[in-house]
Undergrad: 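What follows is a single structure, and I will ask about it in a moment.
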Amino acid sequence: MTNQYQKLVNTGLTKKIAKQLGLPRPAVLRRHAAGAPLVPGPVVVLGDGASAQPTADLLLGWGLDVLRHLPPGRMVGAVVVAYDDVARPGDLADVALNLGPAVKSLVPGGRVVSISRPAGDGKDPELAAARQGVDGLMRSLGRELRGGATANGLLLAEGVDMGAPSAQAALRFLLSGRSAYVDGQFLEVSDGRGKLPEDWEKPLAGKVAVVTGAARGIGASIAATLARDGATVVAVDVPAAGSALARVANDVRGTALQLDVTRADAGHLIIEHATQRHGRLDIVVHNAGITRDKLLANMDEGRWKSVIAVNTESQLRMNQAFLAAGLPGLRVVSLASTSGIAGNRGQTNYAASKGGVMGMVRASSAAFADIDGGINAVAPGFIETEMTARVPVATRAVARMVMPSLMQGGLPVDVAEAISFLASDAAAGVNGETLRVCGQSLIGR
Amino acid sequence: MATSTSSAASPSQASQGVRPVVVIGGNRIPFARSNGAYADASNQDMLTAALDGLVARFGLQGQRIGAVAAGAVLKHSRDFNLVRESVLGTALDPTTPAYDVQMACATGMEAIGSLANKIKLGQLDSAIGGGVDTTSDAPIAVSEGLRRVLLELARARTPKQRLAALSKFRPKDLAPHAPGTGEPRTGLSMGEHQALTTAAWGVSREAQDELALKSHHNLAAAYERNFFDDLITEYRGVGRDNNLRPSTTLEKLGSLKPAFGRDLGDKATMTAGNSTPLTDGASSVLLGSEEFARANDLPMLANFVDFEAASVDFVRGKEGLLMAPAYAVPRLLARQGLTLQDFDFYEIHEAFAGTVLSTLAAWEDEDFCRNKLGLDAPLGSIDRSKLNVAGSSLAAGHPFAATGGRIVATLAKLLHEKGSGRGLISVCAAGGQGVVAVLEAR
Amino acid sequence: MSGTAERRCIDLPEVPALGGIYAAAVKKTAASRIGGVLPGGGRRRGADDDGRWQLPAVEHRVRRLRVDTGRLTRYQRLMGDTVREDLPSVFVHGLAFPVAMSVMVDDGFPLPLLGMVHLSNRVEHLRRIRPGEELSVRAWAEDLRPHFAGAQVDVVAEVGAGGEAVWRGVSTYLAKGVDLPGRTRPERPEKPVFTAPTRTGQWRLAADTGRAYAGVLGDWNPIHLTSLSARALGMKRHIAHGMYLAGRALAGAAPREGGYEWGIEFASPVFLPGTVDFSVADAEGGADPYGTVAFTGWRRGASREHFSGYVAPR
């Protein structure tokens, strides 16, 4: 789905011309490919936080080439910055100033990942300032990186260290091609729960996953990605999308369940299908969603209510059913949207529904933790799908190129990768979070 | 499983040591009126879509099914291996055997019934039966004259022979021949035949229109309660049978002019509203042994208990063309030791409203039951509230070979929802034939 | 049936071609029209000295006749019958017909060929006849008698194989307006009101039905060929061959095994193109699937009967 422009400015003669003209040249992102190395080069671990050495050991354990100092004249695949012990704003300087040269040596598709702790409430102001400083630093660095490289941060809640399975899995996710379109984001690990997979290529082996809205676009890609990662997929969509849904189900060797998620008994039917046909239900991805865009001044009741009903209320109702059924270890991932974070003209209804999803996820995390599961959201930015193909060309071009740091729209698979990570047992320590997959779009926080 | 009575023609399946066969589920594409939404779709396209939807519903990707049997009534010569070619286009294991069956409108029933027997006998563990038909993409043949000229030309070896062959060509031979629904031996269309039967049984226009209305209302209600969500897969943007008219009324139906039997004058009662339209579509049903269903965590909706075929001599006017099920049912009832009233659902294919009502009238008729069926007493009447409760062909349409699969899947689900009881299927067919079957809830 | 002994045998070297016979007949008709001797057309022939009409005591014979299987196949296809190694009764009639025609165009035959109306047939199909058998045909005319509309005559054809008769057919023709000297015409019988039975079939007959039949069995009578040729002979339009209608009826009604008898009576012509409603049913009281059946053809949707007949197994 690489767009024509991206192809032109990155290949042959047209690449030269584009360079001379100073046209923005969105890079071809480094995405996950079976058999490809986790990181395309050595990993430099900077900083002297408590996490530094365990992290270096962890990376070594993954078979990576790990360095504690930037080697002169060598390109590096990733830089991990151990900022977890910063106490004062002044503590940022040393590592930051070492990070600069390292960034210069970053290969295309490289990664910078910080490890720090959330600033939190009620903390010592100096400590909070230092921790929040990491946030600003990394988000800005994300905007400076080129060649499809990204900068993200791992937040370790108090009491969580790099020994936590979710900390390790999140670090691995952020370093890998799976996080290609995640940029300028912080992912918090709130507890030590989680179980690392036996095979990192099949993190969902043995799991049964339900994906709603699976017939097309992001949903179809989620189904394919979860199946690739080892899950048995139940593809759910409305009967009106039946043939496309069947194709998806057959492609991923799962089953198709035709169901309108706004039905009162939708959650029950999903549980019934998954348990009767596949013996269990481990993962639910609430992907089904609709847009009915209109300026609020012109909004009608039908547009408003249908969007809320499909995008928010159905998820709330199904989650109640899942919780009532007490499915052990159930992991839910909801689709939010950057529109719900930063707002978008013409999308008051949609943004309300997606903001609602994020609120729901945060508020539901404890209940899901009680069944040893979890719930998180992924907020996609501009993703190239059939749905966004309907956005006017000019708007699309701007949304795709100018706004995100990565100067391009994401692909459905980018969203799917984040979901697959959050759906895995290894991410059990991540709960109630919303992870943006937006290429560090300008909009939002 | 009911035990057989002394009057049964053969022992019940239990005493033969055969095992039960279960209907696991079904899938069809919505039926579409001819020359509409599916005008460009071939039989193979539609059957493939129906099968792929079934595969998706039951997760059969890459599985080798014991056999797939289906058929089409109107078939191109290129489709000599229609079902196998369709299977090769699906997500099923390409080593799945497949074959074509053809028994006019009873094609689907015959395919499913004979597959069920193979499963009962242990020859198969799983099977898919079904059917497909298009009157939009129907085969058009060259005229008999042109065909013979071309065949002779192909056989000719010398220029002289070729010339001789060509000399037999007549310009009028260029007119193509499209298939009709006429009976080859009588030249009468099915509708004209039924018009005679309808008149003979004195079935009123009102009764036929009421049956048609009920079919539309029942089908619409079934859609409303999402009954078809796991029986149908959307195809080419069509989500529901597009012949369905949920808002039709007796007044609207009553305003239609007779379409068949017009030479009967006042007795002409059959209209486009109480007759099935030409329709395109495909259906499929997944059957299996209990072991197969359990091993694959598949549902068991109903047992396919037994089926029976009958034929009547309509050529010599001894019986109405579509009355064969009236003869098949008592034979099946006798073999299963059942009465006509022992059912919770009746699925009588609505080729025409008149067909259903003539059949029901015949079963109630003392003279018919004694003299034609050789029974001691009439079979009696049925509880009409149990008839075609999820709609039937008048509303859904009738792509000839696809109807059997539609009915079996629908009935199996109805029985499973109810959780107990039996259902009777009756499907009439061209050539004076009919196939009937009994299903039992699980 | 009268014995051969009384009749003189005329051996024909081969089955005559009907085209030539019709050409000759047309010429004679034209000539007699000019002469205007008889209203029915044709010249007064075979009259003896006292003016009484008599049939010549001759029979025409063809001793060796082989069936062209290609023609048989074409016939069976034309009638919608199964192509099989068994001669349909009307096909046999077609084989014998030129010999019968030869009788009727004989100089001694008293009635005009053209313009004669085909009233009925009665056929005894005595046993199955295989296409490989060598057949013989003999034909003669008998029982010239008055009809309420003129004079009628039976033309009998008998087909033999291996020394036995296997097929015997009697065709009755009417010469309208011909009065037999010394014989008075009977009263016109009361015509029963025709009520159409329950239809079991419908035949849509194309304009070329007559030409197609003639193409197979050689009966090129102009009244069957085209509208123009029929009008030339005073008809409104061209009409289907009576034997074509009989052939269609028998294709569905004749027993598949053994011998049988059948008969057909023609009530009114079937103009081409046209649609015939058809009924075949057990004759009164019959329940045996191979019992006697009665058939009827009538004009679509109308109470105008075209023909009726029966088939009875022997």
Undergrad: Might you point out which heavy atoms bring B/Gly53 and A/Ala246 nearest each other, and give the distance in Å?
TA: CA-CB, 4.1 Å
Undergrad: What is the minimum heavy-atom distance between A/Asn250 and B/Val55, and which atoms define it?
TA: OD1-CG1, 3.3 Å
Undergrad: Checking heavy atoms, do the side chain of A/Ala244, its backbone, both or neither come under 4.5 Å from chain B?
TA: backbone
Undergrad: Who wins among B/Gly239, B/Ala49, B/Gly59 for the most heavy-atom pairs under 4.5 Å with chain A?
TA: B/Gly59
Undergrad: Inspect the surroundings of NZ in A/Lys202 and state if more than 12 heavy atoms from other residues, nucleotides or ligands are less than 6.0 Å away.
TA: yes
Undergrad: Any donor-acceptor pair under 3.5 Å linking the side-chain atoms of A/Gln258 with those of B/Asp229?
TA: no
Undergrad: When you look at B/Arg57 and A/Thr255, which way does the side-chain contact (heavy atoms from CB on, under 4.5 Å) test go after all the steps?
TA: CA-CA 5 Å; B/Arg57 183 159 300 140; A/Thr255 55; over 6 Å; no
Undergrad: Answer with side chain, backbone, both or neither: which region of A/Arg263 has an atom nearer than 4.5 Å to a non-hydrogen atom of chain B?
TA: side chain
Undergrad: Mind listing the closest non-hydrogen atom pair of A/Ser243 and B/Glu234 along with its distance?
TA: OG-OE1, 2.5 Å
Undergrad: Taking every heavy-atom pair that is under 4.5 Å apart, which of A/His273, A/Arg247, A/Arg277, A/His278 has the most such pairs with chain B?
TA: A/Arg277
Undergrad: If you count heavy-atom pairs under 4.5 Å between each of A/Ala256, A/Ala249, A/Gly279 and chain B, which one has the most?
TA: A/Ala256
Undergrad: Can you tell which part of B/Leu60 gets under 4.5 Å to a heavy atom of chain A, answering side chain, backbone, both or neither?
TA: neither
Undergrad: Could you check B/Asn226 against A/Asp260 for side-chain contact (heavy atoms from CB on, under 4.5 Å), going step by step and ending with a plain yes or no?
TA: CA-CA 9 Å; B/Asn226 302 301; A/Asp260 183 341; 5.8 Å; no
Undergrad: Check whether any side-chain N or O of B/Gln61 sits under 3.5 Å from a backbone N or O of A/Gly254 as a donor-acceptor pair, and report yes or no.
TA: yes
